[in-house]
**Q** 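Let me give you the structure first, and then I'll get to my questions.
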Amino acid sequence: MMRVLVLDGASAGAQARALIACVEVTPAAGCRVEQVREVEGRGGSEAFPLLARELIAACGWSVTTLDMVAVVVGPGSFTGLRASVAFAQGLSLGLGCEVIGVTTGEAMADALRAQAVPPGTRILCCSVARRGRAFVESIPAGTGRGDIRAVMLDDPDAIPPGPVLLAGNAARQVFDACGQGHDGPGRDDMILSALTGPDACQIVHAALQRREGELPPRDVQPLYVDPPEARLPAAGLRPPPRRAE
């Protein structure tokens with residue numbers, strides 16, 4: 001039996017959803033969600049430490065019995081990723097349990113591949129981003145690593161020729177931006193999936209795939225698509241404080 005704490009604070013935007021769950025994995029029963037909470041709105045991942053304690057207690061577990069922390073590393077919310085990944089790493093360091101990071105697309109990949117779509121359909125997982133954009137993660141046919149990039153929603157050529165299956169919490173925005181949601185010709189090679197985000201068992205499944213080497217290694221670090229916006233001060237950094245004599 002394996003006890004897993006699942007953290008997903010990647011979702012961004014006005015409809016952000018942070019997910020935390022306690023999941024039990026056994027050879028006989030597979031993945032079973034013992035407790036789950038979803039926090040709507042921005043900043044949900046900041047409540048993870050308190051919610052983790054509540055959920056673990058509700059399961060009758062102890063933090064010392066955790067075997068793994070499975071955390072979504074991106075793409076998505078800058079703050080949500082920093083908070084959830086830092087908490088996951090802290091638990092791993094303090095408790096000695098394993099921590100594994102997966103992307104949103106990796107967690108949703110098997111469910112999306114199973115959808116009835118024309119052969120050769122390209123699968124894209126679209127996540128909400130700022131400034132009129134979306135983060136688009138390609139889902140490979142096998143278990144390799146897809147590429148992740150930011151696209152402008154007002155660029156109809158940002159999405160490659162189809163057939164294309166769009167999933168994720170920004171899939172509708174991308175779908176509409178390509179003319180599908182309005183009157184007019186639009187594109188006829190795009191399919192909109194009903195899946196907007198991974199559930200707890202999908203995240204655990206992807207983490208176990210990475211653990212078994214079925215997915216390529218990935219550092220447990222926030223996956224930022226955009227370059228950092230912070231800049232060093234023009235006058236340079238202040239000198240370190242002097243130690244008292």
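In what follows, every heavy atom counts, from backbone to side chain, and hydrogens, waters and symmetry copies are set aside. Small disclaimer: the values here were computed from a predicted structure and weren't measured.
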**Q** In the single-linkage hydrophobic clustering (I, L, V, M, F, W, Y; side-chain heavy atoms under 4.5 Å), do V102 and V25 co-cluster?
**A**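 V102 clusters together with V25.
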**Q** Any chance you could lay out the side chain to side chain contact (heavy atoms under 4.5 Å, CB included) test for I139 and R122, step after step, and finish with the verdict?
**A** CA-CA 8 Å; I139 308 299; R122 189 190 304 261; over 6 Å; no
**Q** Look at the side chain of T121 and the backbone N and O of V117, then say whether any donor-acceptor pair between them is shorter than 3.5 Å.
**A**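 No; judged by distance alone, with no hydrogens or angles, the pair does not exist.
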**Q** Which class fits the ring pair Y224 and F78: parallel under 30°, tilted 30 to 60°, perpendicular over 60°?
**A**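 Rings of Y224 and F78: parallel, under 30°.
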**Q** With hydrophobic residues grouped by side-chain heavy-atom distances under 4.5 Å, do V72 and I123 end up in a single group?
**A**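 They do not share one cluster, since no chain of ILVMFWY contacts under 4.5 Å joins V72 to I123.
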**Q** Got a donor-acceptor contact below 3.5 angstrom from the Q89 side chain to the V220 backbone?
**A**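 Flag set: sc Q89 to bb V220 pair under 3.5 Å.
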**Q** Distance alone, cut at 3.5 Å: any donor-acceptor contact between the side chains of S62 and T64?
**A**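 On atom types as modelled, these side chains qualify, holding a pair under 3.5 Å.
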**Q** Are V63 and V4 connected in a single hydrophobic cluster, I mean Ile/Leu/Val/Met/Phe/Trp/Tyr linked by side-chain heavy atoms less than 4.5 Å apart?
**A**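 Different hydrophobic clusters.
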**Q** Between E137 and R149, is the closest basic N to carboxylate O distance under 4.0 Å?
**A**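 So R149 does not pair with E137 through a salt bridge.
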**Q** Would you call R218 and I100 a side-chain contact if the rule is heavy atoms closer than 4.5 Å?
**A**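 A side-chain contact under 4.5 Å is absent here.
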**Q** Taking all heavy atoms of A10 and all of G74, pick out the closest pair and write down the distance.
**A**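 Looking at all heavy atoms of both residues, the shortest contact is CB-CA, 4.4 Å.
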**Q** Do E98 and V69 come within less than 4.5 Å of each other through their side chains, counting heavy atoms only?
**A**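 Heavy-atom side-chain distance check fails, nothing below 4.5 Å.
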**Q** Once you round to the nearest 0.5 Å, how far does CD1 of I203 lie from CG of L19?
**A**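 Reported to 0.5 Å precision, the distance equals 5.5 Å.
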**Q** Which heavy atom of C97 sits nearest to which heavy atom of M68, and what is that distance?
**A**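 Residues C97 and M68, closest heavy atoms: CB-N, 4.3 Å.
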**Q** Indicate the atoms forming the closest heavy-atom contact of L55 with A21, along with that distance.
**A**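 Of all heavy-atom pairs spanning L55 and A21, the closest is CD2-CA, 4.1 Å.
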**Q** Before giving the answer on disulfide bond (SG atoms under 2.5 Å apart), spell out for C22 and C59 the whole-Å C-alpha distance, their side-chain angles and the decisive distance to 0.1 Å.
**A** CA-CA 8 Å; C22 292; C59 292; 4.0 Å; no
**Q** Can you find a heavy atom in the side chain of V6 that is under 4.5 Å from one in the side chain of I20?
**A**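 They are not in side-chain contact.
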**Q** Are any of the side-chain nitrogens in E24 or R32 under 4.0 Å away from the carboxylate oxygens of its partner?
**A**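 Looking at R32 together with E24, the answer is yes, because their closest N to O distance falls below 4.0 Å.
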**Q** When you compare the side chain of L195 with that of L112, does any pair of heavy atoms fall below 4.5 Å?
**A**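 They are in side-chain contact.
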**Q** Could you walk me through whether C31 and H205 pass the side chain to side chain contact (heavy atoms under 4.5 Å, CB included) check?
**A** CA-CA 8 Å; C31 177; H205 179 65; over 6 Å; no
**Q** Output, in order, the C-alpha distance, side-chain angles, deciding distance and verdict of salt bridge (charged side-chain N to carboxylate O under 4.0 Å, His left out) for R17 and E38.
**A** CA-CA 6 Å; R17 172 192 69 104; E38 292 188 20; 3.4 Å; yes
**Q** Between S45 and A83, what is the shortest heavy-atom contact and its length?
**A**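 The answer is OG-CB, 3.5 Å.
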**Q** I need the L66 CG to W61 CH2 distance, nearest 0.5 Å.
**A**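 Spacing of CG (L66) from CH2 (W61) equals 6.5 Å.
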**Q** So which atom in Q221 and which in V73 form the shortest heavy-atom distance, rounded to 0.1 Å?
**A**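 Nearest pair, atom of Q221 first, then V73: O-CB, 3.4 Å.
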**Q** If you measure from CG on L166 to CD1 on I191, what distance do you get to the nearest 0.5 Å?
**A**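 The CG atom of L166 sits 9.0 Å away from the CD1 atom of I191.
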**Q** Measure the OG-CG distance between S92 and L5 for me, rounded to the nearest 0.5 Å.
**A**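 The CG atom of L5 is 11.5 Å from OG of S92, to the nearest 0.5 Å.
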**Q** Do V71 and D8 touch side chain to side chain, with heavy atoms closer than 4.5 Å?
**A**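 No, side chains not in contact.
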**Q** Quick check: closest heavy atoms across V33 and C201, and the distance to 0.1 Å?
**A**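 Scanning both residues completely, I find the closest heavy atoms to be CG2-SG, 3.8 Å.
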**Q** Does the side chain of S193 come within less than 4.5 Å of Q115's, by heavy atoms?
**A**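 Touching, per the 4.5 Å side-chain cut-off.
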**Q** With a 4.5 Å cut-off on side-chain heavy atoms, are T103 and C125 touching?
**A**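 C125 does not reach T103 side chain to side chain.
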**Q** Indicate whether the side chain of R3 and that of T65 have a donor and an acceptor atom separated by less than 3.5 Å.
**A**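 Yes, a side-chain donor-acceptor pair sits under 3.5 Å.
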**Q** Tell me whether V39 shares a hydrophobic cluster with V36, the cluster being built from Ile, Leu, Val, Met, Phe, Trp, Tyr side chains joined at under 4.5 Å.
**A**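 Different clusters: V39 never reaches V36 through Ile, Leu, Val, Met, Phe, Trp or Tyr contacts under 4.5 Å.
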**Q** Count the heavy atoms belonging to other residues, nucleotides or ligands that lie under 6.0 Å from CZ of R145, then report whether that count exceeds 12.
**A**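 For R145, atom CZ is crowded (more than 12 foreign heavy atoms under 6.0 Å).
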**Q** Yes or no on salt bridge (charged side-chain N to carboxylate O under 4.0 Å, His left out) for E54 and R37, after CA distance, side-chain angles and deciding distance?
**A** CA-CA 10 Å; E54 292 177 357; R37 296 286 188 278; 5.3 Å; no
**Q** Of V174, I159, L165, which is the lone residue that meets side chain to side chain contact (heavy atoms under 4.5 Å, CB included) with L124?
**A**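 Of the listed residues V174, I159, L165, the side chain to side chain contact (heavy atoms under 4.5 Å, CB included) partner of L124 is I159.
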**Q** Same cluster for L223 and M108 if Ile/Leu/Val/Met/Phe/Trp/Tyr side chains link at under 4.5 Å?
**A**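 No, L223 does not connect to M108 through the hydrophobic network.
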**Q** Could you check whether T196 and N169, counting side-chain N and O atoms only, form a donor-acceptor pair closer than 3.5 Å?
**A**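 Distance-only check fails for N169 and T196.
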**Q** Going by heavy atoms in the side chains, are M2 and R211 under 4.5 Å from each other?
**A**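 Heavy-atom side-chain distance check passes, below 4.5 Å.
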**Q** Taking NZ, NE, NH1 and NH2 as the nitrogens, is one of them in D226 or R133 under 4.0 Å from a carboxylate oxygen of the other?
**A**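 Answer for the salt bridge query: yes.
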